[in-house]
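In what follows, residues are counted from 1 in the order of the sequence shown.
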Amino acid sequence: MTPSSSLVHKLEDYKPSPWLTPEVDLRFELDLNQTVVRADYQVVLASESIQPIFLNGESIEFLSLRIDGAIVDPGDYQVSSSGILIPNPPKPSFRLTIENRISPAGNTSLEGLYKSGSMLCTQNEPEGFRKIVYSIDRPDNMMRFRVTISGEVSLFPVMLSNGNLLDERVMGGKREVLWEDPFPKPSYLFALVAGELVETKDFFTTRSGRKITLKIFVEKGNEEKVSFAFDSLKKAMRWDEDTFGLEYDLDLFMIVAVEDFNMGAMENKGLNLFNAKLVLADKKSATDESFEAILAVIAHEYFHNWTGNRVTLRNWFNLTLKEGLTVFRDQWFTEDMTDPAVKRIKDVLFLKEFQFPEDQGPMSHPILPKSYKEMNNFYTVTVYEKGAEVIRLVSELIGRDKFKKGLQHYLSKYDGQGVTFEEFISSMEEVTGGPIPYLRNWYHRSGTPLLSVKEHYAKDSNEWILDITDTGSGEYPLVFSNSLAVFDRKGTILKEEKRLMSGAHDQIRFSALDENGTKPIISLFRSLSSPIRLDYNQTEEEKQILAKVETDGVSRFFAFQNLIFDWFRKSLESGLEEKFSIILETIADSFERNWDKTYHSFYLSFPGLTQISENIGCYEFQKIQKLRIFAIQTISTTFSNQFQTIFEENRKTIPVQSKEEIGKRRLKNICLYYLLYHPSKRFERLAVAEQREAKHMSEEVSAMKFLLEVDSIEKDKSVQLFFEKWKHDNLVLDVWFAAQVGTGENRLGIAKQLENHPQFNIRNPNKVRSLYFSLARNPLTFHKEDGSGYSFIAERIKTLNEINPQMAAALTKLYSPVSKQKGELPEIAKRELETLSSLPNLSKELGEIVGTILTSL
């Protein structure tokens, strides 16, 4: 029986593979249209009795099959569109040789082996290897790879694969290389790159004295943009040694920058493939945010060498085991390299803007999915970011020192194996000496826990009592870490502690501030010490005090954000612009504080439209936008003198990536943002001048974005100025496309013009994200009352379904909030999605996402 491509994979049905291929020799005869691949497997029985063997294979042309060197009779195997079935394998151990043909140039899905620019490259996670060669393509099948690559020197002067280069030769115009990876790995970690690439080189000396060669391969012309990536890589290598004692295990580490890439990057053993935008950077073409993203992603993929590669997954249900863990590790690293409070604010903002809504919508799922149809669809913010929050929770519960020991124990005990989250949790418990109650339930429960806080005064003991209840405990009670602080009414901190809340309820008692029972001010779950939503009805006065004096910078920031959200909530309920004095007083107070400039810039940043709507549970975007403009203009007019002064004080920045200069740029930019909202419009030319004179991309692109957001009369001049300067840089143009459609009403006309622009390419994922994803994340245009935004994006999804199903499915996920919209919008969205569901060549990826969202409408 041949497995169906539409099969639902269930966690409860998982069984180990009955056959394994512990060794494989691969040979590639490279050709842009007719690449021939031969795999020579050692096949061994892994079950008690001989069973049929099924080898996955999709979108490839079968050529031949041999067992122990002999051609197999066609009647002894079955070839289908999903693979090859051998019903009666001859014996428990044998050599299996399979040849097939593929067309890299014709592969637009960007999975398997495909063409990007002047190179051929691979993307095999999760199931791309089966698009290269017939294989037992699953993560619990660990193989040692020897790879021979042969091709024309003129087309493929560089040929790379995992591990160590053993041999290379040129014969009659053809180049041939042999690579060997000494470490067993699943097929998803295999990589191949071949093409006209420029090699850049650096070195790193490990703490044991080994010299590691570092190489970054780029297309010609980009070799001057890799110094920051090298620096980031070396910082990550040193940090992993210093923090966890983890030293790199090969003599060569390579990175390749790829223009056409569905993901951010891929951790293939010793040969990481990166979306070019997460490798290439210089002060002229990259923003401060881009530099930090490169720092984090370079570190993330390097950290996978241990948490993902050396210890890998038993099955794809456990994806969060490697991704959540490694995201937490790259967050910890970035905190150490930058500013812990600012980094944590960014991570929590991302969580609240993207993951919390996913948890409350039709795409909600546990970080350990119970089932899936198409694994590509489960590379979600829940698996990654919520998964990281659960790992962070572990570190909160046991402390970071014990967490370090637990991770070292886990990696030592399971090195070279495919495991599940259970092995990870058990390793932590073995180090701490006992079980962590309810921790495993975090892997099985979907949705963001909502904790309700009720408080009352006990006169007899002169105490305030807080009862905290997990409102959705049910089948899966959880454990929480509650980092809290107690303040008096003047803002003096009285007490700090960390409490473990195990199960559905906790009660905390605090002494009253005086004999009259005056209530202290309580700050709960500081720095979001557990990934929860909190229903705690604090007074405006309490929130304002915390927004001014909370010693935890993260909680202070969110206390101020909550004041702003409360104002929106009250204004929408009353239909009037409520008093704004509390917010203005809090901003005025911030000018008196001696805060870090980057932190102050974040504190002053006004929340965006989507952020506001999600926090107050209202999706009437036109009303919210009207209030938002009023609020920002009020801040602008009240503090225009302060903003001008701070702008001028920080105007002369140096284009380097130091904490001081980054802070100056951010603070200057936020001041310019508010000045542009001044009703007089007198600061718009200042923004154009700022763009012209900019010495760093963070200054240049911010000026353009702000002019577009306020719909300035200078915006067209700004957009043209930016394009003329950067029209030869594809990565920078992604920012240009996104800025023009990412904010404001009626951006469909602009989007239609831009998709016909000669430098837009719907086959390039970065361009798709910059234009279509940016538009779909612009609520004023995408959720326009006439449904035109839904129709526009649906038409593009139809096209992408044929070209790149992963991109089509990812774009469709942005329809998830439509059930929350007013009027006819849910019905319009339903019609568009039903049309997509009936496409004649509907991909597995798109079909699963469309079906899931339709169930909510």
From CA spacing to verdict: ring-ring contact (aromatic ring centres under 6.0 Å, His included), Phe253, Tyr302: CA-CA 9 Å; Phe253 186 89; Tyr302 173 75; 5.7 Å; yes

Does the ring-ring contact (aromatic ring centres under 6.0 Å, His included) test come out yes or no for Phe591 and Phe639, once each step is laid out? CA-CA 10 Å; Phe591 290 128; Phe639 300 111; 5.4 Å; yes

Show your working on side chain to side chain contact (heavy atoms under 4.5 Å, CB included) between Glu301 and Ile255 and close with a plain yes or no. CA-CA 10 Å; Glu301 304 308 331; Ile255 290 174; over 6 Å; no

Verdict with reasoning, Ser290 to Thr287, per side chain to side chain donor-acceptor pair (under 3.5 Å): CA-CA 5 Å; Ser290 297; Thr287 64; 3.0 Å; yes

Checking side chain to side chain contact (heavy atoms under 4.5 Å, CB included) for the pair Thr781/Val741: CA distance, chi angles, key distance, verdict? CA-CA 9 Å; Thr781 293; Val741 298; over 6 Å; no

Under the side chain to side chain contact (heavy atoms under 4.5 Å, CB included) criterion, do Phe350 and Glu385 qualify, and how do the steps go? CA-CA 9 Å; Phe350 187 89; Glu385 273 67 32; 3.7 Å; yes

For a salt bridge (Lys or Arg N to Asp or Glu O under 4.0 Å) check, start with the C-alpha distance between Glu540 and Lys579, then their side-chain angles and the critical distance, and finish with the verdict. CA-CA 12 Å; Glu540 190 175 65; Lys579 290 182 179 179; over 6 Å; no

Under the side chain to side chain contact (heavy atoms under 4.5 Å, CB included) rule, what do Leu754 and Phe737 come out as? Steps first, then yes or no, please. CA-CA 7 Å; Leu754 290 175; Phe737 281 109; 3.9 Å; yes

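In this structure, a donor-acceptor pair under 3.5 Å is absent between the side chains of Gln740 and Gln753. In the model, Arg556 has no side-chain atom that pairs as donor or acceptor with a side-chain atom of Ser590 under 3.5 Å. Side chains of Tyr248 and Glu241: no donor on one and acceptor on the other come within 3.5 Å. Looking only at atom types and distance, the side chain of Arg769 has a donor-acceptor partner in the side chain of Asn766 under 3.5 Å away. For the residue pair Ser601 / Arg666, a side-chain donor-acceptor distance below 3.5 Å is found, with atom types taken as modelled. Side-chain contact annotation: Ser529 with Glu396, donor-acceptor N/O pair under 3.5 Å absent.
Using a distance-only test at 3.5 Å, with no hydrogens or angles considered, a donor-acceptor pair links the side chain of Ser555 to the main chain of Ser527. When atom types are taken as modelled, the side chain of Ser481 and the backbone of Ser530 share no donor-acceptor pair closer than 3.5 angstrom. A donor-acceptor distance shorter than 3.5 angstrom exists from the side chain of Asn778 to the backbone of Gly744, with no hydrogens or angles considered. Asn275 places no side-chain N or O within donor-acceptor distance of the main-chain N or O of Leu278, the cut-off being under 3.5 Å. Side chain of Thr743 to backbone of Ala739: no donor-acceptor contact under 3.5 angstrom is found. Ser483 places no side-chain N or O within 3.5 Å of a backbone atom of Lys498 that could act as its donor or acceptor partner. Judged purely by atom type and a 3.5 angstrom limit, Glu223 uses its side chain to pair as donor or acceptor with the backbone of Gly221. The main-chain N or O of Gly742 is never found under 3.5 Å from a side-chain atom of Ser774 such that the two would form a donor-acceptor pair. Checking side-chain atoms of Ser702 against main-chain N and O of Ser698 turns up a donor-acceptor pair under 3.5 Å. Ser395 places no side-chain N or O within donor-acceptor distance of the main-chain N or O of Arg400, the cut-off being under 3.5 Å.
Note on ring orientation: taking the six-membered ring where Trp is involved, the planes of Phe557 and Tyr603 are perpendicular (angle over 60°, cut-offs 30° and 60°). The aromatic rings of His304 and His300 stand perpendicular to each other, their planes meeting at an angle above 60°, with 30° marking the opposite boundary. Trp567 and Phe630 have parallel rings, their planes meeting at less than 30° on a 0 to 90° scale where 60° marks the start of perpendicular. Classified by interplanar angle (parallel below 30°, tilted 30° to 60°, perpendicular above 60°), the ring pair Trp332/Trp239 is perpendicular.
Smallest separation of non-hydrogen atoms from Ser232 and Ile294: OG-CG2, 4.5 Å. Contact between Phe303 and Ala236 at its shortest, heavy atoms only, is CE2-O, 3.5 Å. Annotation for Leu676 and Phe706: closest pair CD1-CB, 3.3 Å, computed over non-hydrogen atoms. When all heavy atoms of Asp260 and Pro765 are compared, the closest pair comes out as CA-CD, 4.2 Å.
Side-chain contact between Phe560 and Ile583: present, with at least one pair of heavy atoms (C-beta onward) separated by less than 4.5 Å. A 4.5 Å side-chain heavy-atom check between Gln611 and Gln561 finds at least one atom pair inside the cut-off. Under the 4.5 Å side-chain criterion, counting only non-hydrogen atoms from C-beta, Glu660 is in contact with Lys597.
Between Glu700 and Lys284 there is no salt bridge, since none of the side-chain N atoms of the basic residue sits less than 4.0 Å from a carboxylate O of the acidic one. In summary, Glu724 and Lys727 engage in a salt bridge, as defined by a charged side-chain N under 4.0 Å from a carboxylate O. With salt bridges taken as basic N to acidic carboxylate O contacts below 4.0 Å, none links Glu289 and Lys705. A salt bridge links Glu335 to Arg392: one of the charged nitrogens lies within less than 4.0 Å of a carboxylate oxygen. Here Lys343 pairs with Asp347 in a salt bridge; the nearest charged N to carboxylate O distance falls below 4.0 Å. The residues Lys225 and Asp729 are annotated as salt-bridged, a charged nitrogen and a carboxylate oxygen being separated by less than 4.0 angstrom. A salt bridge does not link Glu389 to Lys386: none of the charged nitrogens lies less than 4.0 Å from a carboxylate oxygen. Here Arg238 does not pair with Asp242 in a salt bridge; the nearest charged N to carboxylate O distance is not below 4.0 Å. Looking at Glu699 and Lys668, a side-chain N of the basic residue comes within less than 4.0 Å of a carboxylate O on the acidic one, giving a salt bridge. Under a 4.0 Å N-O distance rule, the pair Asp734/Lys277 does not qualify as a salt bridge.
Stacking of Arg593 on the aromatic ring of Tyr599 is not recorded, the 6.0 Å distance cut-off and the 45° axial limit not both being met. Geometrically, Arg628 does not engage Phe568 in a cation-pi contact defined by less than 6.0 Å to the ring centre and at most 45° from the axis.
Every residue was checked against the salt bridge (charged side-chain N to carboxylate O under 4.0 Å, His left out) condition with Glu358, not counting sequence neighbours, and none meets it. Residues forming a salt bridge (charged side-chain N to carboxylate O under 4.0 Å, His left out) with Arg665 (at least two apart in sequence, or on another chain): Asp288.
In Lys283, the NZ atom is not crowded: 12 or fewer heavy atoms of neighbouring residues, nucleotides or ligands sit closer than 6.0 Å. Atom NZ of Lys695 has 12 or fewer heavy atoms from other residues, nucleotides or ligands within 6.0 Å. Within a 6.0 Å radius of CZ in Arg692, other residues, nucleotides and ligands contribute 12 heavy atoms or fewer.
When Leu672, Leu604, Thr598 are each tested for a side-chain contact (heavy atoms from CB on, under 4.5 Å) with Leu667, only one passes: Leu604.
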Listing, residues 640-649 side-chain donor-acceptor contacts under 3.5 Å, not counting sequence neighbours, or none:
{"from": "Gln644", "atom 1": "NE2", "to": "Ser640", "atom 2": "O", "distance (Å)": "3.4"}
{"from": "Thr645", "atom 1": "OG1", "to": "Asn641", "atom 2": "O", "distance (Å)": "2.9"}
{"from": "Glu648", "atom 1": "OE2", "to": "Arg651", "atom 2": "NH1", "distance (Å)": "3.4"}

